[in-house]
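Along the sequence shown, residues carry numbers from 1.
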Amino acid sequence: MSTHTLTLDVDTISAKLAAAAGIIDLIVTLAWTGDMESLCEHSLSESISTAMDMIGEARQLLAGTSREVRLR
């Protein structure tokens, strides 16, 4: 039986996902309140791009971790 060590940087993953969620929440809030004009088109696309980058980085940190884990 071989043993494998899997280390996840949960704090980094969580921070990236929280930051992405914050950006998306801001955009949704601005859209919902009708204040979307406060963001220029470039700022909006940069914000969405940044959120997508953070989600992608979190996914990379999680890549290959969908293994069964047995707790003792």
Side-chain angles (χ1 to χ4, degrees):
M1 175 193 242
S2 64
T3 60
H4 299 278
T5 301
L6 179 62
T7 303
L8 289 176
D9 189 348
V10 176
D11 292 334
T12 299
I13 294 167
S14 180
K16 288 181 182 298
L17 293 175
I23 292 169
I24 293 167
D25 183 55
L26 173 64
I27 293 168
V28 169
T29 300
L30 290 174
W32 189 74
T33 61
D35 198 21
M36 203 61 154
E37 298 82 31
S38 64
L39 285 178
C40 69
E41 187 174 324
H42 177 72
S43 294
L44 178 59
S45 64
E46 278 295 314
S47 297
I48 293 170
S49 177
T50 299
M52 293 302 295
D53 288 345
M54 289 179 186
I55 292 168
E57 291 168 6
R59 289 183 70 205
Q60 285 180 334
L61 291 170
L62 288 169
T65 61
S66 60
R67 298 183 193 142
E68 183 179 326
V69 177
R70 293 184 184 173
L71 301 175
R72 294 180 191 202

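- Scanning both residues, Met54 and Ala20, for their nearest heavy atoms gives SD-N, 3.8 Å.
- Within the structure, the side chain to side chain donor-acceptor pair (under 3.5 Å) test picks out the following pairs touching residues 49-58 (sequence neighbours left out): Lys16-Glu57.
- A donor-acceptor distance shorter than 3.5 angstrom exists from the side chain of Ser47 to the backbone of Ser43, with no hydrogens or angles considered.
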Donor-acceptor list for residues 30-42 side chains, cut-off 3.5 Å, not counting sequence neighbours:
unit_1 : atom_1 : unit_2 : atom_2 : d
Thr33  : OG1    : Thr29  : O      : 3.0
Thr33  : OG1    : Leu30  : O      : 3.3
Ser38  : OG     : Asp35  : O      : 2.8

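- A search for salt bridge (Lys or Arg N to Asp or Glu O under 4.0 Å) contacts involving Glu46 returns nothing, not counting sequence neighbours.
- In this structure, Leu8 and Leu61 approach most closely via the heavy-atom pair CD2-O, 3.8 Å.
- Atom CG of Leu62 is separated from atom CG of Asp9 by 10.5 Å, given to the nearest 0.5 angstrom.
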